[in-house]
Structures are given as structure tokens and as C-alpha cells.
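If you're wondering where the values come from, they're calculated on a predicted model, not measured in any experiment.
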Amino acid sequence: MRPLLLLPALLLCASAARAEPSCTDLIDRVTAATGATVAERSADFARFDAGENSSLTLSCGGVHPSSVGAQHRSDSPPEAYYELFAKAGQAVTGIGADTLREAAKRARDAAGRMRHSNVEAGGALVTCSTMKNDKGPLTLCAVIERADRS
């Protein structure tokens, strides 16, 4: 009887163990592609320091779509922000950096007028938004995979 009770627990642990290497792999890819340093991580999330006024976030989906976002403390990010975003996005999705960079620029331009915008790019969704709070202006862009990895 005990072995039957242990089976669900073992399957749950095995599933969690399979998800972790996938996120670890994505974290390693983003780090290698961008030079950003991991500041915080969990089984399905990582936050990276990526230079002055910039950071990255990674949401690992396991069998579900993953996403990577770039944040910059300004309403007009420099070209380096788009380069960072494109490299991180390519590391996660495999979509060309040029495609992601141009999509982010288009989405950011539209977000400047509407606060939020989405652009299709190579089978993924690039979304950008702008906001202002007590810390000042903030630009956020993310690339979100469209299909499950299963």
C-alpha cells in the first residue's frame, strides 16, 4: 500500500525536476546572450540586473510558453535597451534579434501614444507599455512565446 501512496509524490517531484533544468537552461542562455547577472531566481522565474536603469525578467513556462521582458527607467530608452531586449528575446524564443528589435521599437512607439501596444514578431507576441510613477517614467517590453513547448 505504501508504494502506491509514494507514486504520486514521486511523479510530482519528477515533474518539478524536469521543469527546473528547462528554466536553468533559459537563464543560462539569457545570461550568456546579454551579459546580465542573475539577481533573483526561483523554479520558474528569474530577474537580472542589466546595467544602469535596465533589468530583465524571465518567466519560464516549462511546457507552456515562456516570456522575457526588459525594463528601463525612462520613457525614451536608448538603443542599448532594444539591443538588450532583442538578445534576451532571441535567447528564449530563437527568433532573430533584428526581428525582435524592430518589433519592440514599433510596439514602444505605439505605446507612447496608447500606453500599451502589441506587435506580432516571428510567431511570438512583442508587447510594450509605458508608465510613470513616483520613481519616474518606465518602459517595459516583453516577448511572449505563442506555442507550447510540448
Side-chain angles (χ1 to χ4, degrees), residues 11-150:
L11 290 174
L12 182 62
C13 289
S15 296
R18 273 196 312 265
E20 181 60 25
S22 176
C23 197
T24 297
D25 182 47
L26 290 175
I27 290 169
D28 291 345
R29 288 186 206 174
V30 170
T31 301
T34 65
T37 57
V38 177
E40 174 186 351
R41 77 170 287 174
S42 66
D44 61 356
F45 174 83
R47 184 178 58 78
F48 303 81
D49 290 330
E52 188 175 348
N53 295 322
S54 292
S55 62
L56 296 168
T57 52
L58 171 67
S59 175
C60 306
V63 297
H64 302 290
S66 293
S67 64
V68 64
Q71 301 78 38
H72 192 268
R73 289 252 168 241
S74 78
D75 52 4
S76 297
E79 186 63 30
Y81 167 80
Y82 295 105
E83 292 297 322
L84 175 71
F85 172 79
K87 288 176 183 178
Q90 183 175 26
V92 172
T93 67
I95 298 168
D98 290 341
T99 299
L100 294 173
R101 183 183 319 100
E102 293 310 311
K105 287 180 178 182
R106 286 193 324 270
R108 167 53 196 93
D109 287 346
R113 295 184 306 277
M114 302 180 294
R115 293 193 54 174
H116 185 85
S117 179
N118 297 323
V119 173
E120 294 288 329
L125 179 68
V126 173
T127 182
C128 293
S129 61
T130 60
M131 60 188 298
K132 292 183 180 175
N133 60 26
D134 57 340
K135 294 181 182 180
L138 181 64
T139 297
L140 307 111
C141 291
V143 59
I144 304 164
E145 293 180 318
R146 286 287 197 176
D148 284 354
R149 294 170 169 226
S150 55

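Take S74 and apply the side chain to side chain donor-acceptor pair (under 3.5 Å) test, not counting sequence neighbours, and it matches H72. Residues meeting the side-chain contact (heavy atoms from CB on, under 4.5 Å) test with D109, sequence neighbours left out: R113. Partners of D28 according to the side-chain contact (heavy atoms from CB on, under 4.5 Å) rule, which considers only residues two or more places apart in sequence or in another chain, are T24. The side-chain contact (heavy atoms from CB on, under 4.5 Å) test applied to N133 returns R73, M131, K135, not counting sequence neighbours.
Summarising the geometry of V126 relative to F85, their closest heavy-atom pair is CG1-CZ, 3.9 Å, with the distance given to 0.1 Å. Here the closest non-hydrogen pair linking D75 and T139 is CA-OG1, 3.7 Å. Residues F45 and C23 come closest through the heavy atom pair N-SG, 4.1 Å. Annotation for T31 and A36: closest pair CG2-O, 3.4 Å, computed over non-hydrogen atoms.
Looking only at side-chain heavy atoms (C-beta outward), R101 and Q90 stay at 4.5 Å or farther from each other.
Of the inter-residue distances, the one linking E145 atom CD with T93 atom OG1 reads 6.5 Å to the nearest 0.5 angstrom. Atoms OG and CG, from S129 and L140 in turn, are 4.5 Å apart once rounded to the nearest 0.5 Å. Considering NZ of K105 and SG of C128, their distance stands at 12.0 Å, rounded to 0.5 Å. With values rounded to the nearest 0.5 angstrom, L84 atom CG is found 11.5 Å from E79 atom CD. Atoms OH and SG, from Y82 and C141 in turn, are 6.0 Å apart once rounded to the nearest 0.5 Å.
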Donor-acceptor contacts, no H, no angles, side chain residues 117-124, under 3.5 Å, sequence neighbours left out:
unit_1 : atom_1 : unit_2 : atom_2 : d
N118   : OD1    : H116   : NE2    : 3.3
N118   : OD1    : T127   : OG1    : 2.7
E120   : OE2    : R146   : NH2    : 2.3

For residues 48-60, which side-chain N or O atoms pair as donor and acceptor with protein atoms under 3.5 Å away, sequence neighbours left out?
unit_1 : atom_1 : unit_2 : atom_2 : d
D49    : OD1    : R47    : NH1    : 3.4
S55    : OG     : Q71    : OE1    : 2.8
T57    : OG1    : Q71    : NE2    : 3.2

